[in-house]
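To keep things clear, I will list the structure first and then write my remarks on it.
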Amino acid sequence: EVPGTDTVAARVKGKNRIVFLRSTTATDALKPVDSYKSRRVFEGTQTDVTGVSLLRGRGRLDFEKRQGQWWMTAPIAELADAASVSRLVGDLLGANADEFLKVSPSDLSGDGLHPPIFTVKMRIGDKAQTLEIGATRTDGKSVYARANGQLFSLDSQMTDERSKAADSFREKKRVRFDSAAVTSIAAIKGDATLRFAKTGAEWKTGDKTLPATSVTDFLTELSALTS
């Protein structure tokens, strides 16, 4: 370093030549390689993600986005709870490596990565990206993980959402609809059917006009039904 300045002296390798650099430039140049690696595990945004798969000891969970709506496709095929899947995707996209690790291939089994305890696959755009999660490290706060051929540690909280059972991701509402778009209702009990139809702003059953608030209240209660 040059006293009283923010510069350092440097020499071009192989040449008898001295140059002066800003201290910040020299500091950046001397940083370890890992400092320049991206710590993001998955690259993309929520709108880019069209599929998620979680493979773990108890089986697998698969989700697929169809026309903007999340569906569970394994272990059962049905509508998924959008908020739960979106939170899962958001957590995965926000995951960052805590520390890059060097682990010999012979130690991968002990670290829970051969085979991995969890495997997370996301389809982001037209590319599939994979994260493998292993055993908890000795600090009790992080787990071994691998993605894109790189080993690193990951916050152990990342496994919490991935450990949930399939029921946690199932759609809780019995029905979903836009009340303003409903134009007819059929209530069936045994052999009897009671029909309501909307004409303009009025609801009718046969020739009888119904109070609009009654129908609105009914639709509100129907849309609030959960399993």
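Just so it is clear, the values below take in all heavy atoms, side chains as well, and ignore hydrogens, waters and symmetry mates. Here the structure is a predicted model, which is why all the values come from computation and not from measurement.
N96 places a side-chain N or O within 3.5 Å of a backbone atom of G94 that can act as its donor or acceptor partner. Within the 3.5 Å criterion, the main-chain N or O of Q150 finds no donor-acceptor partner in the side chain of N148. Side chain of T50 to backbone of K65: no donor-acceptor contact under 3.5 angstrom is found. In this structure, R146 contributes its side chain and L113 its backbone to a donor-acceptor pair below 3.5 Å. Between the R39 side chain and the A97 main chain, a donor and an acceptor come within less than 3.5 Å of each other. Judged by distance alone, the side chain of R123 and the main-chain N or O of V49 form no donor-acceptor pair under 3.5 Å.
Smallest separation of non-hydrogen atoms from T183 and W203: C-CH2, 3.7 Å. Minimum interatomic distance between R60 and P75 (heavy atoms only, all atoms of both residues): O-CD, 3.5 Å.
Here the CG-CG distance, from L151 to L108, works out to 6.0 Å after rounding to the nearest 0.5 Å. Atom CG of D98 and atom OG of S156 lie 9.0 Å apart (nearest 0.5 Å). Distance check, rounded to the nearest 0.5 Å: NZ of K127 to CZ of F42 gives 11.0 Å. The distance from the CZ atom of R137 to the CD atom of E99 is 5.0 Å, given to the nearest 0.5 Å.
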Please determine whether side-chain contact (heavy atoms from CB on, under 4.5 Å) holds for the pair L194 and K189, giving the CA-CA distance in whole Å, both sets of side-chain angles, and the decisive distance to 0.1 Å. CA-CA 8 Å; L194 183 61; K189 184 178 181 180; over 6 Å; no
Test side-chain contact (heavy atoms from CB on, under 4.5 Å) on T136 and Y144; report intermediate values, then the result. CA-CA 6 Å; T136 301; Y144 291 97; over 6 Å; no
Show your working on side-chain contact (heavy atoms from CB on, under 4.5 Å) between L101 and S153 and close with a plain yes or no. CA-CA 7 Å; L101 306 172; S153 64; 4.2 Å; yes
Evaluate the side-chain contact (heavy atoms from CB on, under 4.5 Å) criterion for residues T119 and L131: first the C-alpha distance (whole Å), next the side-chain angles of each, then the deciding distance (0.1 Å), finally the verdict. CA-CA 6 Å; T119 299; L131 166 66; over 6 Å; no
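Residue-environment remark: CZ (R66) exceeds the threshold of 12 foreign heavy atoms within 6.0 Å. Atom CG of D126 is surrounded by 12 or fewer heavy atoms from other residues, nucleotides or ligands within 6.0 Å. Shown here is K121, whose NZ atom has no more than 12 heavy atoms of other residues, nucleotides or ligands within 6.0 Å. More than 12 heavy atoms of other residues, nucleotides or ligands lie within 6.0 Å of CG in D107, so this atom counts as buried by the packing criterion.
Following chains of ILVMFWY side-chain contacts shorter than 4.5 Å, one can reach I76 starting from L61, so the two form part of one hydrophobic cluster. Hydrophobic clustering (side-chain heavy atoms under 4.5 Å, transitive across Ile, Leu, Val, Met, Phe, Trp, Tyr) keeps L55 apart from I124. Put simply, V52 and F118 are part of the same group of oily side chains (I, L, V, M, F, W, Y) that touch within less than 4.5 Å, one to the next. The hydrophobic cluster containing M72 does not contain L79, counting ILVMFWY residues as joined when their side-chain heavy atoms lie under 4.5 angstrom apart, directly or transitively.
Among residue pairs with one or both ends in residues 59-88, those qualifying as ring pair (Phe, Tyr, Trp, His ring centres under 6.0 Å) are F63-F169; sequence neighbours excluded.
Partners of S106 according to the side-chain hydrogen bond (donor to acceptor under 3.5 Å, both in side chains) rule, which considers only residues two or more places apart in sequence or in another chain, are S104. For Q129, the side-chain hydrogen bond (donor to acceptor under 3.5 Å, both in side chains) test picks out no residue, with sequence neighbours left out. D48 meets the side-chain hydrogen bond (donor to acceptor under 3.5 Å, both in side chains) test with T45; sequence neighbours excluded. Taking T5 as the reference, T7 meet the side-chain hydrogen bond (donor to acceptor under 3.5 Å, both in side chains) condition, with sequence neighbours excluded. R195 meets the salt bridge (charged side-chain N to carboxylate O under 4.0 Å, His left out) test with no other residue; sequence neighbours excluded.
Side chains of S53 and D62: a donor on one and an acceptor on the other come within 3.5 Å.
The shortest side-chain heavy-atom distance between T205 and L210 falls under the 4.5 Å cut-off.
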